[in-house]
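First comes the structure, then the notes that go with it.
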Amino acid sequence: MPPLDVRRIEEEVRRYWRERRIPVKWRTPGGGRLFSFLEGPPTTNGYPHVGHLRGRLYKDFVLRYHRMLGYDVWAQGGWDEQGLPVEVEVEKKLGVRTKREIYERFGLERFVEECNRLVDHYLEYWKKYATELIGLWLDLENAYETRRGRYVEYVWYVIKRAWERGLLYEGYRVLPFCPRCETALSDAEVDMGYEERESPSIYVKLRVEGGSGEHLLVWTTTPWTLVDNEAVAVHPEAEYCLADVGGERWYVAKDLAERVMGELGLQSWRCVEVRRGVELRGLRYEHPLAEEVPLHAEHRESHKVLDAEFVSLEEGTGLVHIAPGHGPEDFELGVRYGLPVTSTVDVDGTFDERAGLFKGLSVNEASKLVVDVLSRKGLLVKSGKVVHRYPHCWRCGTPLVYRADRQWFIAMSLLREDLLRALDSVEVFPRVHRNRFESWLANVKDWTISRSRIWGTPLPIWRCSDDSSKILVIGSIEELKRYASKIPDVDEDRLVHRPWIDEVEIGTPDCSRWVREPFVVDVWLDSGVAWIASVDGLRNGELFERLFPYTFVTEAVDQTRGWFYSLIATSVVDRGVAPYRQILVQGHVLDKFGRKMSKHLGNVVYAEEAIKRFGVDPLRLYLLSRYPPGDSFMFDPEEVRRLSTGALNIVWNVFRFAAMYMDLDGFSPGVHRLSDYLGRLSVEDEWILSRVNSVMAELADLMSRYEINRAVQLVVDFAVEDLSRTYLKLVRPRVWSEVSDDRFVVYSTLYYVLKRLLKLLAPVVPHVAEALWIHFVRHFEPEEESVHLTRFDGVDEGMRKPQLEESFGTAMRVVGMLASLRNRMGLKTRWPVREAVVVAEEGVLRQLEPLKDVVSRLANAKRVVLATDPSACRSGDYESAQEGGVAVCLPRGIDRDLYMEALAREIVRRIQVMRKEMDLGVAEFIEVAVESDSEDVVAAVRDLRDYIAGEVRASEVRVGEPWEGCFVKTWDVEGATVRIGVRRSQGSGRAGP
RNA sequence: GGGCCCGUAGCUUAGCCUGGUUAGAGCGCCCGGCUGAUAACCGGGAGGUCCGGGGUUCGAAUCCCCGCGGGCCCA
């Protein structure tokens, strides 16, 4: 086996999988129980980064794990292809800024084709870098795509179901709009886009009618909304000051007066009168923009003080300017008091002709002009700036504008109980996220499903042109065709999109001409129906019934209000139950400083770059093991190598070690069976066999809670700590020894452990595990085609020895203490000691008794003495250390025999180095000559010639001058000069197969 | 304004639910060792007012309360 070269191995393994169609075989049902996974479809815009990879690796890990547990896995891919993000990018590409331009310069047909083309572009990229290369074995051939006719139909289906249940309605409502994208956004979308922003902050006084000199002082951060101001609200219970300010009198909330006046820079003011909010009710004021906006002349009746509970006494003046067309609370108040709902702002964020002076201005421009006008009229008290959190468009970053408009809704608020009941049957990991989801559902608002856009599922609602109260909702393509009197000659995928859908002419007996509502559907409804649309569930009922509800879905935390919600919402609308059993909520990936990854900061690590830089499996190991799935992940490129490559190297070399010797000795698992050697196991064999089975049991426990990082750490730690550092270190001499066939006991033990280990590693590092399977397991058992087509072996309870594992832990602690003590004494591990004494209580000693030999080997002590009596090594001849009730001691002096042995080992080590430098194979024999000015060294070589020869695989070790032309090096050994010569001998290697 | 989460070594963190060895790792730093799988690795050391304060308790990183600081969500 060659050294580990991750990239080459991944390349080779990918080819192997492709040629043998392993992923297809992996997905083929084998009659087991079904683990049905529903892919949260990535949106096909933008390039995948490590955050996407993290999520996709959890999917992959969980699928592979369950496949190896014996489940059949349903692993269909899926893509979310429609919606604003795509449009935004196409607009950029085409160089257009408004919808009008799209219509006029390009036409919808061309625009939609461009959208399709862009989707195709990203699709290829996501398939390669976020799926195939990372080893995610989703079925991409049969992936669902939200732009397809057969998919869009299900969005229609659910909307029709809502209609049938009386949940679909249209309404006039104040909603957040993105003026750039010219469409309304849903609550969930608004939630995604809160950002810090600097806004104007102005104080305005409104003249109370009657020339009394009284004013209402109001504060706002959106001066433009004053254009549509219709009233002022006060809190009914609050107390208000009528403050005398240099002759004028202003109303301001008593509790806020001090702060407000301070901010306005007014020192000499006083409260001349205090009145409760309710007493101000009905006070009329002159509209501040009455002259500039003519329509307010007709609204004079409304311009007065109202009372409202929502008025804040924490900020502002305690008097709130009310624009029913621009604030949800204002709107409700307006409805309650019959105020005109004035919204002179268009969907693109500009004022229309009703806005008088402000006509044609954007809201920002209007804000500036409002400030100027008020200033000129002497109504502006103060104009400043404030930084606050304000909602922005989640796709394009434009600050949102609240305005009233007509939209279509699904009355989710009526289904709160149903949603909560549905959630009862769902397990949420990690648990804390359940509460959040629950409170979201408990307070869920009606879902605004209409969007004034182009590239999306057309809203399947038609209105009768003769009688606007008549509504027709169409739930399938078949139904559409049934009603259609004329239909464009295009394929289904096009037919269900603008502009083609609007070329369909529909007439029915009760209405001669139906006109479609000019909206598309919120994309969250697209992905939301994936539970049924992904498999064309109405036509594939049998398959669908088996999959539904899906066993498992996982996405990042923001999807609680996104996809997790839209899935359960649509499923509850249609059938009243949750579409999934388990959801795993993932945290986000941040940069190494804990900052969000963003193009703006330039700290995004893209998938392609990461894969090329680190290789897939090191990246997988890192992303899967570093943090709990639910936590934020601070991605530090330095750590990938540190944590992953090192561990993978060790794992790889464990197999190299095993392969080398097993091969050399002609080991064959079919012939040298572990079952035949069970009676001859050494204690470390029993221990490692127990450990591997315990690890499998612990793994199952961790995975039952989706503690993926700990599960992965567990397996890797086993490989690195237990297997490599401890077990292999212990059995090395047994493998080298040719005096008995004890090494076959080691091999058969190792083979058992390694094969199990590979299966445990397969879901974590599928490429490396497969390469090892090919090079190692298949070398002995060629019929085992792929580790990924195997099942985990059950836990072999008979192998488990919890007490031994505990004792071993104690022994390792003692070994560590001895190493520490040696360190302090300046005594190299290479130098043998006569004895190591362990003083501890009875129970600990009982644990250590069977492990004395293990301790003596690892501590390089001739013998291990166990004692309960502290005086055992209290004499001046010993040095001791103690820790947690256990003491260890080592003798200070060294006698001549041990000294000779130490010198011999020093020589051995140097010869080993030389062997390595000569690049000799492990089985090759050498001849050695040692020459020194030290009599001790000469004596050690002479006396321990056989020992040295055995250690370095020499056919001859002699004292004297090295041979002519052989490899010679001069060393310093304990102050003595030693010349060592090494040459290849004629002796044969160990007998091979 | 309300809710949830978090604060442990220079950095990243385990432990907290279920109170009880001397709070455990990894990285970095310093020292040493090992090397017939390993361009590897191993061991040791220094480094902690477990955010602060109060309470419960024989005993608190852990449970409770109050602050402070940070994050997320809702309004």
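Throughout, protein chains are lettered first and strands after them, A, B, ... in sequence-line order, and every chain is numbered starting at 1.
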Check: Quick one: A:Trp831 CH2 to B:C34 P, roughly how many Å, whole number?
Finding: 11 Å
Checklist line | Interatomic distance where OH belongs to A:Tyr565 and C1' belongs to B:C73 [whole Å] | finding: 16 Å
Next item on the list: For nucleotides B:C64 and B:G45, find the distance between their C1' atoms and express it as a whole number of Å.
Entry: 39 Å
Margin query: I need the CZ-C1' distance between A:Phe633 and B:G71, as an integer number of Å.
Written below: 19 Å
Checklist line | Same-atom distance (C1') from B:G15 to B:G20, integer angstrom | finding: 14 Å
Item checked: d(CZ, A:Arg431; P, B:C17) in whole Å -> 16 Å
Please tabulate, one pair per line, each protein N/O and nucleotide N/O from nucleotides 3-9 of chain B that are separated by under 3.5 Å, including the distance.
from: B:C4; atom 1: O2; to: A:Arg436; atom 2: NH2; distance (Å): 3.2

Notebook entry, point to check: When you measure from the side chain of A:Lys445, which nucleotide among B:A75, B:C73, B:U38 comes out closest?
Noted result: B:A75
Notebook entry, point to check: When you match A:Arg710 and A:Pro3 each to their closest nucleotide on RNA chain B, which lands nearer the 5' end?
Noted result: A:Arg710
Item checked: Whole-Å C1' distance, B:C65 and B:C73 -> 25 Å
Note to self: Is it the case that B:U35 (base atoms only) and A:Arg905 (side chain only) share a donor and an acceptor within less than 3.5 Å, ignoring hydrogens and angles?
What the structure shows: no
Next item on the list: Determine the interatomic distance between P on B:C6 and the same-named atom on B:C63; round to the nearest Å.
Entry: 10 Å
Note to self: Please report the distance separating the P of B:G47 from the corresponding atom of B:U57, rounded so that it comes out in whole Å.
What the structure shows: 36 Å
Notebook entry, point to check: Are A:Phe564 and A:Trp440 near enough that their ring centres are under 6.0 Å apart?
Noted result: no
Next item on the list: State whether A:Tyr661 places a side-chain N or O below 4.0 Å from either non-bridging phosphate oxygen (OP1 or OP2) of B:A37.
Entry: yes
Margin query: Applying a 4.0 Å non-hydrogen cut-off, can you work out what A:Ser632 is touching in the nucleic acid: base, sugar-phosphate, or nothing?
Written below: nothing
Next item on the list: Quickly work out the A:Leu750 CG to B:A37 C1' distance and round it to whole Å.
Entry: 11 Å
Checklist line | Complement of B:A37, any strand, by Watson-Crick or G-U distances under 3.5 angstrom | finding: none
Next item on the list: Select base, sugar-phosphate, or nothing to describe what A:Tyr627 touches, counting heavy atoms under 4.0 Å on all strands.
Entry: sugar-phosphate
Notebook entry, point to check: Taking only residues two or more places apart in sequence, or in another chain, which ones meet A:Arg173 in a salt bridge (charged side-chain N to carboxylate O under 4.0 Å, His left out)?
Noted result: none
Next item on the list: Specify the residue among A:Ser439 and A:Glu721 whose closest nucleotide of RNA chain B lies further upstream toward the 5′ end.
Entry: A:Glu721
Item checked: Pairwise P distance for B:C29 and B:G19, with rounding to whole Å -> 40 Å
Check: When rounded to the nearest Å, what value does the distance between P atoms of B:A9 and B:U49 take?
Finding: 7 Å
Notebook entry, point to check: B:G53 and B:C68: how far apart are their P atoms, nearest whole angstrom?
Noted result: 15 Å
Checklist line | Check: A:Tyr661 ring centre within less than 6.0 Å of A:Phe657 ring centre | finding: yes
Note to self: I'd like to know if the side chain of A:Asp685 and the backbone of A:Thr749 have a donor-acceptor N/O pair within less than 3.5 Å.
What the structure shows: no
Margin query: What is the separation between atom CD on A:Glu639 and atom P on B:G28, rounded to the nearest whole Å?
Written below: 11 Å
Notebook entry, point to check: Quick one: A:Trp652 CH2 to B:A39 C1', roughly how many Å, whole number?
Noted result: 17 Å
Notebook entry, point to check: Can any side-chain N or O of A:Asp665 pair as donor or acceptor with the backbone N or O of A:Phe667 at less than 3.5 Å?
Noted result: no
Next item on the list: Check the distance between B:G33's P and A:Asn860's CG and give it to me in whole angstrom.
Entry: 15 Å
Note to self: Centroid separation under 6.0 Å, is that true for the rings of A:Phe808 and A:Tyr727?
What the structure shows: no
Notebook entry, point to check: Residues in salt bridge (charged side-chain N to carboxylate O under 4.0 Å, His left out) with A:Glu906, at least two apart?
Noted result: A:Lys828, A:Arg830, A:Arg910
